[in-house]
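Working notes, structure below.
Small disclaimer: the values here were computed from a predicted structure and weren't measured. Just so you know, ligand 1 is whichever comes first in the structure, and atom 1 is the first atom listed for that ligand.
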Amino acid sequence: MSEIFKNIPSIQYEGRDSKNPLAFKFYNANQVILGKPMCEHLPFAMAWWHNLCAAGTDMFGRDTADKSFGTEKGTMEHAKAKVDAGFEFMQKLGIEYFCFHDVDLVPEADNINETNKRLDEITDYILEKMNATGIKCLWGTANMFSNPRFMNGAGSTNSADVFCFAAAQVKKALDLTVKLGGKGYVFWGGREGYETLLNTDMKFEQENIARLMKMAVEYGRSIGFEGDFYIEPKPKEPMKHQYDFDAATAIGFLRQYGLDKDFKMNIEANHATLAGHTFQHDLRVSAINGMLGSIDANQGDLLLGWDTDEFPSNVYDATMCMYEVLKAGGLTGGFNFDSKTRRPSYTVEDMFHAFILGMDTFALGLIKAAEIIEDGRIDSFIEERYSSFKSGIGKKIIEGKTTLSELAKIAEDMGAPALPSSGKQEYLQSIVNQILFSGTVAVK
Ligand code: XLS
Ligand code: NI
Ligand code: NI
């Protein structure tokens, strides 16, 4: 098999002063941070769909990039060329994982039996490549939103026949995920939502989504899938209202239907901001509920109200993300670049520059988050902020050893409490800036 990305060397770490566009400035796989090499903190993944399939088509124009890899698109030869390209790409960057939808791998046929045959063939080929390179599968999923049959959703569709079709796709995608040793299986509710309540039975639709997920868990466990199922929340797009609005909503849904033991969250930065939250907020909500599973690493544009899926460049956000991840003890999943190059960035070099940007951004985020934790000022401030609950009546509240009447009596005797201590937001922000911009101090 001949080299596809001919003029691209394997990408090395050259350090912060390098001006080589095809080198890492901050991502140094073996550098130890808080006792673990960077590559273990940051299990990066390539999204098959963006990197090997999407070629720049948007609502107003056709492809700008050539992702035929020298073959005719829509053929099995093309599907194989994408595998070759993908593995060469990941090897050159030191990316350890990939994520896929069923339809990213092969052209969909007119009937599912034929599509499934193609999927069997391509995954045999992928497996060979995995064995030869050591590259692994992070998670798999089924695309149940592109085909017109899913116009009203998959689990939430009004058509029982379409529901069967969704079930068949989930079953096959689970088979493939297990075959490829995937760590997780994702449900992103592509069209699980609605446009108008004038035609929608919301309760019925949500119950049906839960039914589909329950069957997926039962089937997955029966074929030996031991990994996590994930919900990937998103508030809108393509539907006006998506049922998995944000982490809090999705966690409530999972608990309501008894799915919370098998599922965790896959948090996408751009989805969190579309929901009106920060990325860090949805990570924290997931973490405090024991459900921080995996991350779709990208970023949105605050001036645009849709999922722009940009490669992460915002070091501040990446730092806050890594602060959450470190505090949570790491991810069970990884960091999937659910990101695409901008439409005018259509060359092969751009594909590599994009991953270098994303990996360097997260490496910086990791370094800086570790420094914030080692510095300790933020953590000790928060600790101190709640110290009134460590003794006296505060302690009794925490221990559940008081009553509303006793508390009311204390308040009445007090007359009026002193103001709570200052939140010191500006002071804390200046600490973060100091750590971000005063140069890298040694991290263990
Ligand atoms: C779309 C989602 C999608 C999921 C996988 O907005 O991010 O790409 O990650 O179906
Ligand atoms: Ni995503
Ligand atoms: Ni997305």
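A donor-acceptor contact shorter than 3.5 Å links the side chain of Thr273 to the backbone of Asn270.
Using a 4.5 Å cut-off on side-chain heavy atoms (C-beta onward), Tyr243 and Thr249 make no contact.
At a 4.0 Å cut-off, at least one heavy atom of His271 sits close enough to ligand 1 to count as contact. Put simply, no part of Val186 is less than 4.0 Å from ligand 1, judged by heavy atoms.
The nearest N/O/S atom of Asp307 to the Ni ion (ligand 3) is OD2. When distances from the Ni ion (ligand 2) to the N, O or S atoms of Glu232 are compared, OE2 comes out shortest.
A parallel orientation is assigned to the rings of Phe337 and Phe44, their planes being inclined by less than 30° (bins at 30° and 60°).
For the pair OD2 of Asp296 and OD2 of Asp338, the angle whose vertex sits at the Ni ion (ligand 2) is 90° to 10 degrees.
Aromatic pair Tyr185/Phe225: ring centres not closer than 6.0 Å. Trp139 has its ring centre no less than 6.0 Å from the ring centre of Tyr97.
Taken to the nearest 0.5 Å, the CD atom of Glu371 stands 8.0 Å off from the CD1 atom of Ile33. His78 contributes atom NE2, which lies 6.0 Å from atom OG of Ser68 (distance to the nearest 0.5 angstrom).
Heavy-atom proximity to Lys234, at under 4.0 Å, picks out these atoms of ligand 1: 1 (C), 6 (O).
The single protein non-hydrogen atom nearest to atom 2 (C) of ligand 1 is Glu232 OE2, 3.3 Å, given as residue, atom name and distance. At the shortest separation from atom 10 (O) of ligand 1 among protein heavy atoms lies His101 NE2, 2.6 Å. Closest to atom 8 (O) of ligand 1 among all protein heavy atoms lies Asp338 OD2, 3.0 Å.
Side-chain polar atoms of Ser430 and Asn433 form no donor-acceptor pair below 3.5 angstrom.
Contact annotation for Asp296 and ligand 1: only side-chain heavy atoms (C-beta onward) come within less than 4.0 Å of the ligand.
Residue contact annotation: Glu268 places an N/O/S atom under 2.8 Å from the Ni ion (ligand 3). Put simply, Asp309 stays out of reach of the Ni ion (ligand 3), with no N, O or S atom under 2.8 Å from it.
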| request: Start with the C-alpha distance between Tyr230 and Phe187, add both sets of side-chain angles, then the distance that settles ring-ring contact (aromatic ring centres under 6.0 Å, His included), and finish with yes or no. | output: CA-CA 6 Å; Tyr230 301 119; Phe187 279 92; over 10 Å; no
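The shortest N or O to N or O distance between Glu268 and ligand 1 is below 3.5 Å.
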